[in-house]
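Have a look at the structure below, then the notes.
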Amino acid sequence: MNIVILATGGTIAGVSGSAVDTTSYQSGIVPIDQMLQGVGPLEGIAAITSEQIAQVDSSDMNHDLWLLLARKVNGLLRQADVDGVVITHGTDTLEETAYFLNLVVKSEKPVVLVGAMRPATALSSDGPLNLYNAVVLAASPEARGKGVLVALNNAINSSRDVTKTNTVLQDTFKAPELGYLGYLIDNQPSFYRAPTRRHTAASGFDVADVGEFPQVDILYGHVDDNGNLARAAVRDGAKGLVYAGVGNGNMSEKMEKVLQELQTQGVVIVRSTRVSNGIVTRNGAINDDANRFVAADTLSPQKARILLMLALLETCDPLKIQKMFWEY
Ligand code: ASP
């Protein structure tokens with residue numbers, strides 16, 4: 001088995017002043033070669049090659065790095081002598097990079113994102129075992145065809161459904177309600193279910209020739225929202241807006257009027273929700289047919305933004321985009 005590790009930074013490569021300091025530290029310091037020295041047992045699992053792609057805190061992840069990663073991963077997985085890819089990443093935006101790659105990687109071979117909640121210098125850092133498990137997963141036949149996976153803390157999650165649920169605890173990556181895909185305990189991945197939405201080899205999205213993405217901004221719904229931020233985003237060039245509405249993607253009449261007006265100017269409006277679980281249904285309290293809005297299904301606002309960015313590369317038609325939100 002040949003596994004390639006692409007390192008981007010994050011807490012897994014973080015350094016703090018003291019071994020008991022787990023929250024004030026600098027991300028993305030320890031290079032991947034050095035990190036691998038702390039994971040000796042990997043030698044029995046796979047032949048590892050590694051490349052340092054970036055050394056950033058994942059709040060500094062950006063679209064250029066995404067495009068670089070997508071091309072790099074696609075190029076590697078086209079090689080017959082590469083069996084899987086592991087990407088080390090900060091945990092703050094790990095779910096976004098994972099879902100982006102889930103939509104644009106063109107391979108059935110495993111791609112696993114991994115990070116850590118405690119810096120490399122901490123007592124009981126979770127980084128080395130998480131990295132080891134991610135390589136085990138990427139080298140396992142069970143992980144093929146499951147889309148881009150997220151593996152931390154002995155749990156395997158689908159990139160579509162996973163989210164960071166706790167700001168500081170190690171037990172943070174979950175798909176609340178929809179659940180883990182499985183566990184990874186003592187070298188053994190155990191899958192109990194598989195993603196049902198289009199991904200990777202079955203995805204229609206291709207970023208091989210994409211230079212930049214259309215601007216899509218997220219707006220957070222609240223009582224007495226006056227719509228000023230939505231108007232400002234469009235003045236600034238937004239071609240799409242994700243509205244993290246209340247409840248089932250709902251909004252005040254005042255906000256609905258602002259978004260209707262922006263829609264008639266050609267801006268695509270996606271209704272997601274600020275609630276952490278559940279479906280945003282089409283034509284609930286808000287009439288999407290009449291407004292030409294799109295309902296985000298179960299995608300969080302941050303993941304709805306990614307799907308909308310990719311969708312806008314192909315079409316501005318809200319009905320075609322709605323279909324994509326049901327499919328991906
Ligand atoms: N701020 C860090 C990052 O996302 C947090 C982490 O990696 O756990 O890079």
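Small disclaimer: the values here were computed from a predicted structure and weren't measured. Whatever order the structure lists them in is the order used to number ligands and atoms, beginning at 1.
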(message) Give me the nearest non-hydrogen protein atom to atom 4 (O) of ligand 1 as residue plus atom name, then the distance to 0.1 Å.
(response) Ser58 OG, 2.5 Å
(request) May I ask you to identify the nearest protein heavy atom to atom 8 (O) of ligand 1, giving residue, atom name and distance to one decimal place in Å? (result)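 Residue, atom and distance for the closest contact: Thr91 OG1, 2.4 Å.
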(message) Show the nearest heavy-atom pair for residues Thr172 and Lys164, with the distance to one decimal.
(response) OG1-CG, 3.2 Å
(request) Decide whether the shortest distance between a heavy atom of Gly115 and an atom of ligand 1 is less than 4.0 Å. (result)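 Checking ligand 1 against Gly115, which is what was asked, there is no heavy-atom contact under 4.0 Å.
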(request) Decide whether the shortest distance between a heavy atom of Gly14 and an atom of ligand 1 is less than 4.0 Å. (result)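 Outside the 4.0 Å threshold, so no.
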Inspect the contact between [Y] and [X] and indicate whether a charged nitrogen and a carboxylate oxygen are less than 4.0 angstrom apart.
| X | Y | answer |
| --- | --- | --- |
| Arg144 | Glu108 | no |
| Arg271 | Asp297 | no |
| Asp289 | Arg292 | no |
| Glu327 | Lys323 | yes |
| Asp224 | Lys254 | yes |

Heteroatom proximity flag, [X] to ligand 1, N/O under 3.5 Å:
| X | result |
| --- | --- |
| Asp57 | yes |
| Lys164 | no |
| Ala116 | yes |

(request) Measure centre to centre between the rings of Phe191 and Tyr183, then say whether the value is under 6.0 Å. (result) no
(message) At less than 4.0 angstrom from any non-hydrogen atom of Thr11, what atoms of ligand 1 do you find?
(response)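 Those qualifying, in numeric order: 2 (C), 5 (C), 6 (C), 7 (O), 8 (O).
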(message) Which of the numbered atoms in ligand 1 are under 4.0 angstrom from any heavy atom belonging to Gly10?
(response)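 Contacts of ligand 1 toward Gly10, numbered from 1: 7 (O), 9 (O).
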